[in-house]
Amino acid sequence: MCVGARFKTRPVAFLFIAVPSNIIMMPKLFFIALVSVLCFGVSSAAPYGSNRQLKVAFMYPTSISDFGFTYSNEIARVTVERELLAAGFNITTSFSQSVPPSDAAKVMEGFIADGNELIIATGGQYAAAVQQVAANYPSIRFVSTAGSTPKPNVAVGFPRNWEASFLLGYACALSSTTKKLGFVAAFDNNNVHTRAINSFYAGAKEADPSVTVFLATINSFLDPIVEAKSAAALMNESNVDCVASMVNDNTVNAVTNMRNVYSVGYASDARLTSGEYVLSSIIFKWEPYFRSRISRAYNDTWLCNEDIFWGFAGSAI
């Protein structure tokens, strides 16, 4: 059961960057200001039945100690479980970490066999597996944090990281003396990543129109060796003196810090692992989203076909 159809809160347009090689100089783009409508879920804070029990399973692409993307999800899982238990919800949560996409369907089917009624798959690499398993188990509810198509039993959501990326680009440009900035991205053909890249570029140009942004793509959400090589190449070959990244860990920040080069972090506070040369970080706050989805699953007020992105206004970043 689900409650009606959810208004989809996606930007009306975005710029697509075609990147034929690993590192290129980004051409000048005309940044389009995006106007979108935020739609917030309202969930009951009171359990609807004293005998109700809900088991929730989280699936993570990397270790909970990556101090990056998965770390931000795990902090939210622990926080939301504690808050909901204190509010009287009869829930238990569990997680499986470092799950490769090839094993995702099998892991989710294992969650279901263990009695989990809500599965939260964190990361776009799980999108296909979520669609497959959700189709086979229509009574089980799923949350896909990126990449999936919303369905009656699949909710999709992700922080509006592009809002913060604009500010990070602005900060990088102000700190730069070479007027050359770098960006290490997991992908350049993914909607969420493309928006973040464009926003970083726009923020940098807003601060200093003379800066150049160099882009490196690694075609993976997590590959520390390639991340380190890409960051080194940006510094050695392109003379960048501030580097942003959009991957699952803080390897890029650690590499730049060893060279006394500024960087900005992604998903969690990169200063936890990468030292004094971290200017700032996008910090994902998954708590509002997880709290809403778990509450709705518990109270049977699930929203059909939900596709929502929260940003500063929703306290998600």
Side-chain angles (χ1 to χ4, degrees), residues 1-10 37-60 72-96 107-123 126-127 130-131 133-146 148-160 284-311 313-317:
M1 296 289 293
C2 55
V3 182
R6 184 68 167 187
F7 180 79
K8 295 184 178 181
T9 60
R10 288 190 180 278
V37 180
L38 287 175
C39 185
F40 300 96
V42 180
S43 301
S44 171
Y48 75 84
S50 59
N51 295 324
R52 169 64 165 158
Q53 182 178 22
L54 179 69
K55 294 181 70 175
V56 184
F58 288 71
M59 183 167 63
Y60 297 145
S72 69
N73 282 272
E74 174 62 4
I75 292 296
R77 180 192 70 83
V78 172
T79 301
V80 170
E81 180 180 46
R82 182 176 63 247
E83 291 176 353
L84 292 180
L85 286 172
F89 286 72
N90 186 7
I91 65 167
T92 58
T93 71
S94 61
F95 67 89
S96 183
V107 169
M108 285 188 283
E109 288 172 347
F111 288 156
I112 295 168
D114 289 339
N116 290 281
E117 299 176 64
L118 174 61
I119 296 173
I120 300 178
T122 64
Y126 297 141
V130 167
Q131 295 293 309
V133 178
N136 294 334
Y137 296 91
S139 65
I140 304 299
R141 287 154 174 168
F142 297 81
V143 170
S144 181
T145 59
S148 283
T149 301
K151 302 289 185 183
N153 63 330
V154 178
V156 179
F158 200 82
R160 299 167 62 89
F284 287 173
K285 303 292 291 182
W286 295 100
E287 288 86 348
Y289 189 68
F290 291 164
R291 186 183 302 112
S292 175
R293 300 294 72 73
I294 294 173
S295 297
R296 287 193 176 280
Y298 189 89
N299 288 328
D300 204 26
T301 56
W302 188 259
L303 294 167
C304 295
N305 305 310
E306 186 178 48
D307 187 7
I308 186 169
F309 289 80
W310 288 350
S315 300
I317 53 176

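No hydrogens, no waters, no symmetry mates; every other heavy atom, side chains included, goes into these values.
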Enter the distance from [X]:[atom1] to [Y]:[atom2] here, rounded to the nearest 0.5 Å.
X      : Y      : atom1 : atom2 : value
Trp286 : Thr79  : CH2   : OG1   : 14.5 Å
Leu54  : Ile294 : CG    : CD1   : 7.5 Å
Asn73  : Thr145 : CG    : OG1   : 6.0 Å
Arg141 : Trp302 : CZ    : CH2   : 6.5 Å
Phe111 : Ser94  : CZ    : OG    : 5.5 Å

In terms of ring plane angle, is the pair Tyr60 and Phe58 parallel, tilted or perpendicular, where the classes change at 30° and 60°?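 Rings of Tyr60 and Phe58: tilted, as their planes differ by 30° to 60°.
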Looking at [X] and [Y], what are the two nearest heavy atoms and their distance?
X      : Y      : value
Ile140 : Ile119 : CG2-CD1, 4.3 Å
Gly311 : Ile317 : C-CG1, 3.7 Å
Leu84  : Ser295 : CD2-OG, 3.9 Å
Met108 : Val130 : CE-N, 3.7 Å
Gln53  : Glu117 : O-OE2, 3.5 Å
Asn90  : Tyr298 : N-OH, 3.1 Å

Does the side chain of Ser315 pick up a donor-acceptor pair with the side chain of Trp310 at under 3.5 Å?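 No, because no side-chain N or O of Ser315 sits under 3.5 Å from a partner of the opposite role on Trp310.
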Check whether NZ of the Lys or CZ of the Arg Arg293 lies under 6.0 Å from the centre of the six-membered ring of Tyr289 and within 45 degrees of that ring's axis.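 Yes, Arg293 and Tyr289 form such a contact.
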Taking the six-membered ring of Phe95 (Phe, Tyr or Trp), confirm whether the NZ or CZ of Arg77 is under 6.0 Å from its centre and within 45° of its axis.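 The answer is no, since Arg77 fails at least one limit relative to Phe95.
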Please examine the side chains of [Y] and [X], heavy atoms only from C-beta on, and report whether any two atoms are closer than 4.5 Å.
X      : Y      : result
Asn299 : Phe89  : yes
Met59  : Thr122 : no
Ile75  : Glu287 : yes

Are any side-chain N or O atoms of Glu81 and backbone N or O atoms of Thr93, one a donor and one an acceptor, separated by less than 3.5 Å?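 Flag set: sc Glu81 to bb Thr93 pair under 3.5 Å.
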Please check if the side chain of Gln131 supplies one atom and the backbone of Thr149 the other of a donor-acceptor pair under 3.5 Å.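 Side chain of Gln131 to backbone of Thr149, a donor-acceptor pair under 3.5 Å: yes, one is there.
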Heavy atoms from other residues, nucleotides or ligands near NZ of Lys55 exceed 12 (cutoff 6.0 Å):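 Yes, the 6.0 Å shell around NZ holds more than 12 heavy atoms from other groups.
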Centroid-to-centroid, Tyr137 to Phe142, below 6.0 Å?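 Between Tyr137 and Phe142, the centre distance exceeds or equals 6.0 Å.
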